[in-house]
Amino acid sequence: MIDVRLLRSEPDAVKAAMARRAKPAILEELDHAQRLDARLRDITVERDSNRAQINSISKDVATARRAKDDAGAEKLMQHSRELGESEKVLASEFDQVSSALRDVLLLVPNIPHAQVSAGNNAEDNKVVKGPLQMPAKFADYQRVPHWETGSALGILDNERATKISGSMFTMQRGLGATMARALCQLALDRNADAFEEVRPPSLVLTSTLTATGQLPKFADDAFSIERDDLWCIPTAEVPLTSLHAGEILKAEELPLRYMAHTSCFRREAGSAGRDTRGMLRTHEFDKVEILAVTTPQQAPEMLVELTNRVEATIAALGLPYRVLEICAGDLGQSHHRSFDVEVYAPGCDQWLEVSSVSWFSDYQARRADIRFKQSGAKGSEIAHTLNASALAVPRVWAAILENCRQADGSVAIPEVLQPYMRGAKVISTSSRAKP
RNA sequence: GGAGAGGUGCCAGAGCGGCCGAAUGGGGCGCCCUGCUAAGGCGUUGUCCGGGUAAACCGGACCGUGGGUUCAAAUCCCACCCUCUCCGCCA
């Protein structure tokens, strides 16, 4: 959520920055929010002074009662009753306007960082690094989509996954399943030097999913368990961000760094029928997320650190990759600035987004009410949050199957993964799981 | 799932419907005393919103959450949430 006070004090600057998102509807929302805010302040002033009168009369009533002046007390009470009536009106007006304002603000996206490049959509995102580790030429045996290699080797069994759970679910088997787990272990180990490992709940409250920005706008993208009013997390970002919701942290404790390996659940409502083969788009997948809570000053440096960490893991796997900066028009709802790391998959001839490294400024923290306090200082400030996929399993798994496919149809396991795979160096038909 | 107890400030813990934003103790911070330490003395110690150019200051809100009663609610009533104990069930 953006700061209403900023909209109040510098509306033109806010609107100019927001216009870069290239979505005119946002500017209308901002106008609407401004009008509601002005109205809300008028009501607040009136309501508070009305209440002040009631409070003061109540004290006078007590004084009169003590002085045995019942007639005087009765008169004061009568007056206060009248004020009470107008308070009821003011209070309901206040509730109405403030919840209307909140509803609008929840839909308003974050303000893009000044350095975010201009652009209207994904086409305008610029490659800021790479491609790296890209061979001059791919062999024909690398030009095989992972779903073909996966089923030939018996490590991807989507037919049965679909039988069990319906479309867009996948299942890895044998060394395929082992490799999925190995990737997570690798990502955790590579970040354990600075990030505390957390195993958070996978089901969360509506308020938790609202804090990170998925609700109310993107309700269709999340699985919900209506009977219990719970939601399946689309990413560990959701519970990790809310870890400190409603808390006031000490400035000297920051930055806080957390990582978590969880399943992620996505309805992919807008993408039905897209990327249906293989593992590129699925309802459930595993991911290791890294997340930081920082002061505003620490955030830019953290953004660089997270990007470096994500990149280093992909580099260690030996995969071809590049880094893109997301332009203003393609920036996610909650994002202040972000970079995508993409891996090239020769079999399906696509650059696959394997991580989005994002800085949310105070947008999520304001929703989640995460603050920090400088020791000795009065008051508190809203914290900043940042996060990244340290490693999202399916697409990296797919990219390995395609990049590391050998002439004989087997897949060479990247060296950094081998220690997590009981020493296996290659996945071949001879290591095939029984049907 | 059943029965009972409870949720108050950084912590512990008190709180007849008005004099309670809240006693008291501990902790933290500041000062004093002391050669150092210990002990002691005095003071101070929440968050949010609005007004004010601003420090001062003024008004409002907050005692699990949401409603209600009342001139007035931490205190009374209702619902919900959470925690603890016991029973049941169980990976």
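Computed from a predicted model, the values in this text were never measured in an experiment. Chain A is the first sequence line, chain B the second, and so forth, proteins listed ahead of strands; every chain is numbered from 1.
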Pick base, sugar-phosphate or nothing for A:R371, based on heavy-atom distances below 4.0 Å to the nucleic acid.
sugar-phosphate

Go through the structure and list residues passing side chain to side chain donor-acceptor pair (under 3.5 Å) with A:D362, not counting sequence neighbours.
A:R366

For A:Q333, what residues pass the side-chain contact (heavy atoms from CB on, under 4.5 Å) criterion, not counting sequence neighbours?
A:P109, A:K217, A:F218, A:Y363, A:R367

Please list, pair by pair, any protein nitrogen or oxygen found under 3.5 Å from a nitrogen or oxygen in nucleotides 51-54 of chain B.
unit_1: B:rG51; atom_1: OP1; unit_2: A:R41; atom_2: NH1; d: 2.5

In short, salt bridge (Lys or Arg N to Asp or Glu O under 4.0 Å) pairs touching residues 251-267 of chain A with sequence neighbours left out are A:R257-A:E305

Using a cut-off of 4.0 Å on non-hydrogen atoms, how would the nucleic acid contact of A:G84 be classed: base, sugar-phosphate, or nothing?
nothing

For A:A245, enumerate each residue passing the side-chain contact (heavy atoms from CB on, under 4.5 Å) test, keeping only those at least two apart in sequence or located in another chain.
A:S242, A:A368

Can you check the A:D3 CG to B:rC49 C1' distance for me, whole Å?
13 Å

Who is the Watson-Crick or G-U wobble partner of B:rA5, with both distances under 3.5 Å?
B:rU83

Sequence neighbours left out, what passes ring-ring contact (aromatic ring centres under 6.0 Å, His included) with A:F94? Give chain and number order.
none

Which side-chain N or O atoms in residues 63-76 of chain A pair as donor and acceptor under 3.5 Å with protein atoms at least two apart or in another chain?
unit_1: A:T63; atom_1: OG1; unit_2: A:K59; atom_2: O; d: 2.9
unit_1: A:D69; atom_1: OD1; unit_2: A:G72; atom_2: N; d: 2.9
unit_1: A:E74; atom_1: OE2; unit_2: A:R81; atom_2: NH2; d: 3.1

Might you list the N or O atoms of the protein lying below 3.5 Å from N or O atoms in nucleotides 74-83 of chain B, with each pair's distance?
none

My understanding is that only residues two or more places apart in sequence, or in another chain, count here; which of them pass ring-ring contact (aromatic ring centres under 6.0 Å, His included) with A:H261?
none

Between the protein and nucleotides 58-66 of chain B, which nitrogen or oxygen pairs come in under 3.5 angstrom?
unit_1: B:rG59; atom_1: N2; unit_2: A:D48; atom_2: OD2; d: 3.3
unit_1: B:rG60; atom_1: OP1; unit_2: A:N55; atom_2: ND2; d: 3.3
unit_1: B:rG60; atom_1: O2'; unit_2: A:D48; atom_2: OD1; d: 3.1

Taking for each residue the nucleotide of RNA chain B bearing the nearest heavy atom, is the 5' side occupied by A:D37 or by A:L76?
A:D37

A:H32: which residues meet the ring-ring contact (aromatic ring centres under 6.0 Å, His included) condition with it, sequence neighbours left out?
none

Please report, to 0.1 Å, the donor-acceptor pairs under 3.5 Å made by any side chain of residues 202-215 of chain A, with sequence neighbours excluded.
unit_1: A:S202; atom_1: OG; unit_2: A:R199; atom_2: NH2; d: 2.8
unit_1: A:T206; atom_1: OG1; unit_2: A:D229; atom_2: OD1; d: 3.1
unit_1: A:T206; atom_1: OG1; unit_2: A:W231; atom_2: NE1; d: 2.9
unit_1: A:T210; atom_1: OG1; unit_2: A:T206; atom_2: O; d: 2.8
unit_1: A:T212; atom_1: OG1; unit_2: A:T208; atom_2: O; d: 3.4
unit_1: A:T212; atom_1: OG1; unit_2: A:Q214; atom_2: OE1; d: 2.7

